[in-house]
Every structure is written in C-alpha cells, then in structure tokens.
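Read through the structure below, which is laid out as structure tokens, and then see the notes.
Each ligand, and each atom within it, is numbered from 1 in the order the structure gives.
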Amino acid sequence: MAIAANLNLIKSTLPEQVTLVAVSKTKPVSDLMEAYDAGQRIFGENKIQEMAEKWEEMPKDIQWHMIGHVQTNKVKFMAPFVSLVHGVDSLKLLSEINKQALKNDRSIDCLLQMHIAEEDTKFGLDKQELHELLESNDFKELRNIRIVGLMGMATFTDDQNQISREFKELNAIYESLKNDKVMSNSIQTLSMGMSGDYKLAIDCGSNMVRIGSSIFGGR
Ligand SMILES: *Cc1c(COP(=O)(O)O)cnc(C)c1O
C-alpha cells in the first residue's frame, strides 16, 4: 500500500500540466502493478532488456519510457512498443531508432538529452551540438522519429542555486526550440526533475518529471 500512498501524495502536489513518469527500474513487477492499480500508466526504465521483460508481463495500456542511456545495438528490442525515448544524444542513435521504427511500421517519439550538469560523467548534447544535429541533412531525412522535446539532469549537489541555474538554462533552450519555425510544431515536452529536485524543476518550467525512489522506495 505504501506505493499507492506515495504515488497519490506526489500526484496531489503536481500541477495539472506536469506528467509523472514513475521510474520503476530494478523494481519487481508486483511493485509496478501496485502503482498500476493506483492508476499510474507511464513507467520509466533505464535498461532496455528489463523494460522489454516488464512490457511482456504487464497490461498493454502502459506507456513505457526509456529514460537511460541507449545502446544502439539494443534499440531493436524496444522499437515495437516504446512510447518515448528520453536519452537521445547523437544522430547515430537517432538514425538507428528511425530504422527500427520503420521496420515496425511506426514512428517513435524522442527527447534530445542536453548536458546541463557540471559533471562530465553525464551524457548529453551541448547547445552547439544540438543545433548541428537539428540542421543536418541526415536528420531532416528521418521520417520515423519525432523530436518532441528535451531532457536533462542537473548536477548532483546540495546547492539549490546551481540546480536552479541549470534547469533554467535547459528551459531557455526548450523555449528557443518552441519558437523555432521548423521545430515548434512537435516540441511539447521538457523532461527534468527527479525525486530530489522535481519541485525546483517544475518551478523552472518542467512539464515531465521522472520520479523513482519517492514512489517505490530506495534501490
Ligand atoms: C533513476 C532515474 C530517475 C529517478 O531517480 P529517483 O531519484 O529515484 O527519483 C530519473 N531519471 C533518470 C534518468 C534516472 O536514471
């Protein structure tokens, strides 16, 4: 029951325009089902194989989000069912997602992951790489993917000012894409904020939060 209670508590604090991704990585299907029975339909996983196994076992009205770093050679395992890929940070990966989407006769929504944190361990594009990607001819030929927004992770720190600065920076890039003539039609999602910083992220413009431990407990 703790999972349902945690979920309802978090949902009661989220503004209407904010989508909750319940991050269920490493958790057993029984835990996910508890969240499902409490009404949750969007789950986030960071390993493709684990997500595919859970997809097979669980009800088919769930939307599965891939939130982790994606290895090109594993894209085929999620292409039949994934509803949003958060961590796309290269044209090579985007091309593979496009290819596998085509094989499955569908289109796959993606977020481009931006590097906003101070640490260099986190994946993501910088502003210049983002523009190079979006302006490349190879990108313009991809018909079976759709870029619907951006995703980012702030530095792991207690410094709220720094986290807020990084989130605002990402929000500014997001707003500039929304005002871009070519991109504006599809851009609608800004994925930022996790258990520790989602309130701050929402204050800085996030409309999709990825929350794991505050719902399912520690990992
Ligand atoms: C694990 C993970 C989360 C959730 O983290 P919590 O701190 O447990 O809420 C969010 N985003 C990404 C990319 C993750 O890997």
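Atom NZ of Lys199 has 12 or fewer heavy atoms from other residues, nucleotides or ligands within 6.0 Å. The local environment of CG in Asn179 is crowded, with over 12 non-hydrogen atoms from other residues, nucleotides or ligands closer than 6.0 Å. Around atom CG of Asp158, no more than 12 heavy atoms belonging to other residues, nucleotides or ligands sit under 6.0 Å away.
Listed by chain and residue number, the protein contacts of ligand 1 are Val23, Lys25, Ile67, Met151, Met153, Met194, Ser195, Arg210, Ile211, Gly212, Ser213, Arg219 (heavy atom within 4.0 angstrom).
Of the N and O atoms on the side chains of Gln100 and Glu96, at least one donor lies less than 3.5 Å from an acceptor on the other residue.
Atoms CD and CE, on Glu169 and Met114 in that order, are 8.0 Å from each other to the nearest 0.5 Å.
Every salt bridge (charged side-chain N to carboxylate O under 4.0 Å, His left out) that Glu50 has, sequence neighbours left out, goes to Lys54.
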